[in-house]
Amino acid sequence: MTPRTRTGWQAKHRARVRLTDAVVVGTALIAAYGMQAAFDAISPRSVLGLPMHAAATLLLAAVWLAALATSRAYDVRFFGRGMTEYQKVLDATWKSFSVVILVAWATQFAEARGLLLVAFPLGMVGLVLSRYAWRQDLLRRRRRGEGGMTTVLAIGDRPQAARLVRLLNGAPEREFVVVGVCLPSGGIRPDEEVSGVPVLGDLDEVGRTAHEIGAGAVAVSSSHEITADDVRRLGWELERYGVDLMLTAELADVAVPRITVSPAPGMSLLHVDTPRFEGPKFSVKQVMDWGLTALLTVLVSPLLLAITLAVAVTSRGPVFYLSNRVGRGGHAFPMVKFRTMHVGADRDVTTLAAANEAAGPLFKMRADPRVTRVGRVLRRYSLDELPQLFNVLCGHMSLVGPRPPLPHEVAVYEERMRRRLLVKPGMTGLWQVTGRSDLSWEESVRLDVYYAENWTPFLDLLILAQTARAVVSGRGAY
């Protein structure tokens, strides 16, 4: 039997992405060519400039699209994966223009400047935005149950299979959905189910069962009854049907860049890099923080002035509110915000405790009577947090990081929670773009710890881009 090719939503989605990428690349290069044509029209030395530039443009288009293909930017396993998918696109774009730079330097081809100045930034932004749009479309279809899912046959003991079903089927946006279970041992009861998913057979029937139900992948959980030889034979069997084999690893909240596979005699070892909280990577973060914050402060200065006047004339009291927060290493600092409540609101917390809508040590109310009319608008769109730009410039905070905690929150932290304090708190973070005040306390802590241990410059840029969307929508803010 020959392996089946990718069909259904995967093939259609890949075709759409390929077409969109071709349009974006073509548009970026045409814009660069048009700029060069305008420049050459007023240049006395450009008789052969346009033909040479046209040839270079066509060559770069071929190189760019080939780089996208060779960088696995069209691998169906990365569709809808967010950062991983964007990283593939950025890697391919960078490689393409590295070739342009080398060729231009070696041949003294001055016309390459239009490609570098126009096509590179325009194409990079266009590719990422188009991938983002397709990702949102894919997630929307998954939420509505309109497809875009990879069906999975789960293999493992009943407890492990049940856990896999709960994790995958509880998060449909993550692509995978378990539609059947095969147990490694006998004793299967008629019409047996594991967490609502039917048991379809044992280990000897995996390949045939996966083919019959149209599974796109088989996920094998750890089991003392499943040996390395069993996994090897299973891989050979699934190869005939064109079904992917996945092995689950109990590595919760570990980002992919921290994982490498080390070969060893008779096995493969997963190496998990130790989180690092100092060194060159964090020097880059500091430079990014200072540079971007200085630029943002200049750009929003008229808005800061307008909000200052609005707060001053609509309620009595100071314009700014200083809140004592805990930063990196447990050091306290005064976090500055625009005042959004009446003076003395802190003293009313005890009387409103029964109306608290937040979990853990947090206090939140959707209709907090202490909030002023202007403050309600500021809080909805997070404008009250703009003065924290000065905290970033002073080194207390970062643009992106864990939520800045209050001292009484830190006082009840468990060991896991204290890992949030290994990095600077941020004006925004995963908690901001994921749900803000709608998140549970446990989920908020998990996201903050995940960020602290898995931070990368690319993750920061992605969070900053998603923050704008979260702020405009006002979702989860009160």
Side-chain angles (χ1 to χ4, degrees), residues 3 5-36 53-106 109 111-142 148 150 174-175 216-217 242 244 255-257 456-462 465-466:
T5 58
R6 297 284 179 180
T7 58
W9 76 268
Q10 295 169 325
K12 293 178 181 178
H13 189 82
R14 178 158 53 189
R16 293 166 183 158
V17 170
R18 281 185 180 274
L19 178 60
T20 307
D21 285 358
V23 171
V24 170
V25 168
T27 302
L29 292 175
I30 289 173
Y33 182 82
M35 190 200 77
Q36 188 64 45
H53 190 74
T57 300
L58 292 174
L59 178 61
L60 179 56
V63 171
W64 200 343
L65 294 175
L68 287 167
T70 56
S71 296
R72 301 180 69 188
Y74 302 115
D75 192 321
V76 296
R77 283 169 288 202
F78 298 131
F79 289 152
R81 298 288 178 84
M83 290 182 290
T84 304
E85 186 175 7
Y86 304 147
Q87 186 68 57
K88 297 296 181 183
V89 171
L90 294 177
D91 285 346
T93 302
W94 176 248
K95 290 175 183 177
S96 302
F97 282 85
S98 296
V99 173
V100 175
I101 293 172
L102 290 174
V103 172
W105 175 79
F109 181 51
E111 283 75 10
R113 64 184 179 276
L115 298 177
L116 297 175
L117 294 176
V118 179
F120 177 64
L122 186 62
M124 182 173 62
V125 172
L127 287 172
V128 171
L129 288 179
S130 66
R131 290 299 181 105
Y132 174 80
W134 281 123
R135 178 174 181 266
Q136 294 304 309
D137 176 72
L138 185 60
L139 296 181
R140 191 160 43 246
R141 284 189 283 127
R142 288 173 179 171
T150 297
R174 303 294 176 86
E175 176 186 357
D244 292 338
V256 173
T456 65
F458 182 72
L459 177 60
D460 269 14
L461 293 175
L462 185 62
Q466 292 179 334

Minimal non-hydrogen separation, [X] against [Y], with atom names:
| X | Y | value |
| --- | --- | --- |
| Lys95 | Ser71 | NZ-OG, 3.8 Å |
| Ala119 | Leu29 | CB-CD2, 3.7 Å |
| Ala61 | Val25 | CA-CG1, 4.2 Å |
| Leu122 | Ala31 | CD2-CB, 3.9 Å |
| Val128 | Leu90 | CG2-CD2, 3.8 Å |

**Q.** Worked verdict on Tyr86 versus Arg135 for side chain to side chain contact (heavy atoms under 4.5 Å, CB included)
**A.** CA-CA 10 Å; Tyr86 304 147; Arg135 178 174 181 266; 3.6 Å; yes
Using 0.5 Å steps for rounding, measure from the [atom1] atom of [X] to the [atom2] atom of [Y].
| X | Y | atom1 | atom2 | value |
| --- | --- | --- | --- | --- |
| Tyr74 | Phe79 | OH | CZ | 8.5 Å |
| Lys88 | Thr70 | NZ | OG1 | 10.5 Å |
| Leu19 | Arg14 | CG | CZ | 14.5 Å |
| Leu68 | Ser96 | CG | OG | 6.5 Å |
| Thr93 | Phe120 | OG1 | CZ | 7.0 Å |
| Tyr132 | Leu462 | OH | CG | 9.0 Å |

Is the shortest side-chain heavy-atom distance between [X] and [Y] below 4.5 Å?
| X | Y | answer |
| --- | --- | --- |
| His13 | Leu138 | yes |
| Arg18 | Leu65 | no |
| Leu459 | Thr456 | yes |

Q: Scan residues 120-132 for pairs that pass salt bridge (Lys or Arg N to Asp or Glu O under 4.0 Å), counting only residues two or more places apart or in two chains.
A: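 Every salt bridge (Lys or Arg N to Asp or Glu O under 4.0 Å) pair that includes a residue of residues 120-132, provided the two are not neighbours, is Asp21-Arg131, Glu85-Arg131.
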Q: Only one of Val89, Val125, Val24 passes side chain to side chain contact (heavy atoms under 4.5 Å, CB included) with Ser130; say which it is.
A: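 Of Val89, Val125, Val24, side chain to side chain contact (heavy atoms under 4.5 Å, CB included) with Ser130 is met by Val24 alone.
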Q) Salt bridge between Arg141 and Asp137, side-chain N to carboxylate O under 4.0 Å? A)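 Salt bridge present between Arg141 and Asp137.
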